[in-house]
Amino acid sequence: MKFKQTNRGIYQKWWTPYAFIFPAFLVVLFIIFIPLIFEFMIALFDIRLQNIRLLRDVGINIFSFPKIMKNQFLGFGNYAEILKDKLFYRTFLRTVIWTFTNVFFHVVIGVWLAILLNRKLPGKSVFRVLLILPWAMPQYIAAITWKGMFNYEFGAVNLILNKLGIEKINWLGDPTYTLMAAIITNIWLGVPFMMMVALGGLQSIPSDLYESADIDGASSWQKFKNITIPMLKPVMVPAIILGTVWTFNMLNIIYIMKDGLPGDDVNILITKMYRDGFDLYRYGYAAALSVIIFIILTLFSIAYLKANQNEE
Amino acid sequence: MRKSDYFERTDSKIKILFIYITLIIMSLLAIYPVLNILSSSLRPSNQLFSTSLKIIPENASLMNFKTAIFKKPLVRWILNSMIVSFISMFISIVFSATSAYAFSRYKFLGKKSGMIILLVTQMFPAAMLLLPLNILLTNMGLSEKLWALTIPYISSSVPFSIWLLKGYFDTIPTSIEESAYVDGASVLTTFYKIVLPLSKPALAVASIFCFMNSWSEYIVARVLIHDERLYTLPLGLVTLQGQYNTEWGVYSACAILTSIPVMIIFSYLSKYLIGGLTIGSIKE
């Protein structure tokens with residue numbers, strides 16, 4: 001809906017809107033932008049368990065940081081180390097597979113369910129409430145619960161597979177299967193968001209578009225391709241970008257699922273960052289990895305937005 | 001009664017049947033994990049390692065719930081989480097409602113970039129800024145403090161709430177506010193007395209989002225809080241997670257007690273959500 005701007009200049013001073021947005025932006029500045037700058041700085045230094053105590057002398061004045069840490073200055077050494085490591089590329093590839101599979105199923109299943117729910121259908125509000133439940137479940141509970149369901153011996157997944165005559169799978173012992181289990185869990189978690197976004201988008205499509213298509217004798221597939229998809233796009237593009245970023249950085253699920261499994265075979269970039277930073281205390285290295293993740297995500301978002309603009 | 005009173009005119013009977021079957025299967029998949037923990041929470045401890053798929057187990061008992069409430073610090077965890085969640089919810093809503101109002105009603109320099117900055121902040125989820133944030137908060141003496149935990153939570157829920165609320169404010173006609181101005185009301189009074197009461201549904205949705213955001217956050221809390229007395233619900237529950245050991249039933253009972261109330265509120269509010277998510281698009 002377009003908001004009509006009426007002449008209300010006399011009721012507002014020039015600073016009124018800024019006063020309104022000030023508190024929120026102050027928080028965002030302090031909690032997001034200052035740490036972000038700090039992170040860029042840490043990434044240039046060799047900070048690890050041995051010299052972590054120096055960080056305390058920095059206090060909150062992050063600009064004193066380069067002076068205190070000057071002996072640890074590495075330049076782009078952390079980045080070089082990451083980019084030379086084969087493990088990085090393997091992890092990156094795994095992250096791409098993880099993100100793509102998740103977002104793909106989120107969107108496909110979400111849009112599909114939204115289309116089914118966006119029609120006259122007795123009882124559809126009950127289905128909507130049931131289908132949205134995974135969204136309401138706290139992520140860590142979902143992760144632990146699914147982990148229980150993937151248990152080799154007593155987990156529901158293997159018991160059901162067994163009933164269907166399929167051999168039990170060692171979900172949590174084999175890295176490939178652990179990743180699959182994590183993907184299944186995360187698909188389960190993420191579908192409701194996309195479904196609700198798509199449902200909102202579908203409801204804003206004027207029904208006369210479909211009616212005139214009916215008069216022209218269009219098939220359901222034609223209507224879907226020529227009306228539904230183009231009309232859903234403006235709503236879905238931001239949701240897909242957000243969904244991709246969220247999934248790319250989904251720490252909870254993999255972290256909890258792989259708990260107890262040694263090695264790097266299940267890590268995606270963000271869980272590797274967490275392990276390097278908070279388990280191995282390689283702060284500089286982990287910060288550089290965060291910056292790389294940040295650059296990857298920014299490039300992706302710009303490219304995706306550009307690609308969608310050009311088509312219009 | 002004609003079929004078309006209930007169903008789409010163009011849908012055949014087979015198609016309707018197919019739609020229902022799909023929806024039933026998908027709904028079962030959606031709720032099965034909830035039923036699964038419900039089932040383990042009702043299992044007496046000698047039946048924990050059972051290979052039965054029944055939802056209500058034989059000899060179902062509420063023993064695990066009793067243990068959870070009286071023998072585990074569940075109540076303390078809930079209280080800690082409540083403190084954190086309510087503080088961050090309240091502050092987030094105040095901050096985002098005012099901002100959203102400015103974005104909805106005023107034209108000003110930096111409006112569009114402001115909205116985009118908010119979207120961009122979603123690019124760095126807490127997990128990525130964890131490292132510098134942890135150092136800064138620790139250096140400020142704010143680790144191991146419950147209220148300090150609200151700071152990252154507020155910042156992570158504010159951008160989304162602003163988008164949601166701006167979308168809703170956009171749908172409220174300005175004519176009411178204008179007549180208030182004519183009667184001599186100030187900008188703040190108009191906002192407080194007219195716009196906010198009209199936006200109750202959107203405020204409710206945004207509040208529940210902020211609340212749930214903190215109620216279920218695990219990673220940031222794990223880094224900032226180590227004192228067991230200050231554990232929030234997620235930290236506490238994860239300590240119980242040991243897989244299929246004796247605590248599994250107790251964990252399940254706790255998980256049920258934690259998530260069911262949230263799910264009920266969430267389902268109730270979900271109808272307001274559909275509109276809110278779309279209108280919050282970046283277009284003016």
Side-chain angles (χ1 to χ4, degrees), chain A residues 1 3 5-6 11-12 16-17 20-21 23-24 27-28 31-32 35 38-39 55 58-60 113 116 119-120 122 127 129-134 136-141 144-146 149 151 154 156 159 196-197 199-201 204 234-235 242 245 249 251-252 270 277 283 286-287 290 293 297, chain B residues 6-8 19 22-23 26-27 30-31 33 36-37 49 51 53 95-96 98-99 101-102 106-108 121-125 127-129 131-133 135-136 139-140 151-152 154-155 158 170-171 174 181 187 216 218-219 234 238 241 243-244 255 259 262-263 266-267 270 273-275 277-278:
Chain A
M1 178 172 168
F3 176 64
Q5 194 71 36
T6 42
Y11 305 109
Q12 79 171 79
T16 318
F20 269 108
I21 64 171
V27 173
V28 170
I31 299 302
I32 296 181
F38 195 26
E39 180 146 78
L55 280 172
V58 176
I60 51 169
L113 288 174
L116 295 187
R119 48 176 70 234
K120 272 200 230 162
F127 285 118
V129 167
L130 292 180
L131 287 169
I132 208 177
L133 271 189
M137 196 182 213
Q139 276 175 12
Y140 69 98
I141 293 188
I144 301 173
T145 305
W146 274 92
M149 284 167 52
N151 181 282
F154 308 108
L159 293 179
M196 291 306 268
V197 172
L199 202 52
S204 66
V235 193
L242 268 187
V245 173
N249 285 331
L251 185 50
N252 285 329
I270 196 80
Y283 276 28
S290 292
I293 295 174
L297 287 176
Chain B
Y6 292 109
F7 302 101
E8 297 280 330
I19 290 171
T22 317
L23 286 176
M26 294 312 267
S27 304
I31 59 170
N36 188 274
I37 34 172
F49 307 103
T51 50
L53 281 170
F95 285 7
S96 29
T98 49
S99 301
Y101 186 67
Y106 297 121
K107 268 191 177 154
F108 56 93
T121 58
Q122 293 291 303
M123 302 273 165
F124 342 109
M128 242 185 70
L129 293 177
L131 199 70
L133 203 60
I135 299 171
L136 286 175
N139 285 347
M140 288 160 86
I151 302 172
I154 293 168
S155 76
V158 155
D170 282 350
T171 65
T174 51
Y181 291 132
V187 173
S216 43
Y218 167 62
I219 291 290
V238 173
Q241 72 147 327
Q243 240 202 328
Y244 282 91
S259 27
V262 187
M263 285 181 176
F266 192 87
S267 319
S270 67
L273 212 68
I274 304 179
L277 287 173
T278 27

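Computed over heavy atoms, backbone and side chain alike; hydrogens, waters and symmetry mates excluded. By convention in this document, chain letters (A, B, ...) are assigned in the order of the sequence lines, proteins followed by strands, and residues within each chain are numbered from 1.
- In terms of non-hydrogen atom pairs under 4.5 Å with chain B, the most contact-rich of L131(A), L113(A), V129(A) is L131(A).
- Nearest heavy atoms, I21(A) versus A102(B): CG2-CB, 3.6 Å.
- Residues V27(A) and V158(B) are not in side-chain contact: their nearest non-hydrogen atoms beyond the backbone lie 4.5 Å or more apart.
- Heavy-atom minimum distance, I31(A) versus P152(B): CG2-CA, 4.0 Å.
- When every heavy atom of A30(B) is checked against every heavy atom of L130(A), the shortest pair comes out as CB-O, 3.6 Å.
- For the pair I19(B) and R119(A), the minimum side-chain heavy-atom distance is below 4.5 Å.
- Between the CG atom of N249(A) and the CD1 atom of I219(B) there is a distance of 12.0 Å, given to the nearest 0.5 Å.
- Contact count against chain B (heavy-atom pairs under 4.5 Å) is highest for A24(A) among A286(A), P134(A), A24(A).
- Listed here is the closest heavy atom pair of L131(B) and Y283(A): CD2-O, 3.3 Å.
- One distance of note links CG of L133(B) with CZ of F38(A); it measures 10.5 Å at 0.5 Å rounding.
- For I37(B) against I141(A), the heavy-atom pair with the smallest separation is CD1-CG2, 4.5 Å.
- Among A287(A), P35(A), S290(A), P138(A), the residue making the largest number of heavy-atom pairs under 4.5 Å with chain B is P35(A).
- Looking at every heavy atom in both residues, E39(A) comes nearest to P132(B) through OE2-CD, 3.2 Å.
- Most heavy-atom pairs under 4.5 Å with chain A: of the set V262(B), L136(B), I31(B), this distinction falls to L136(B).
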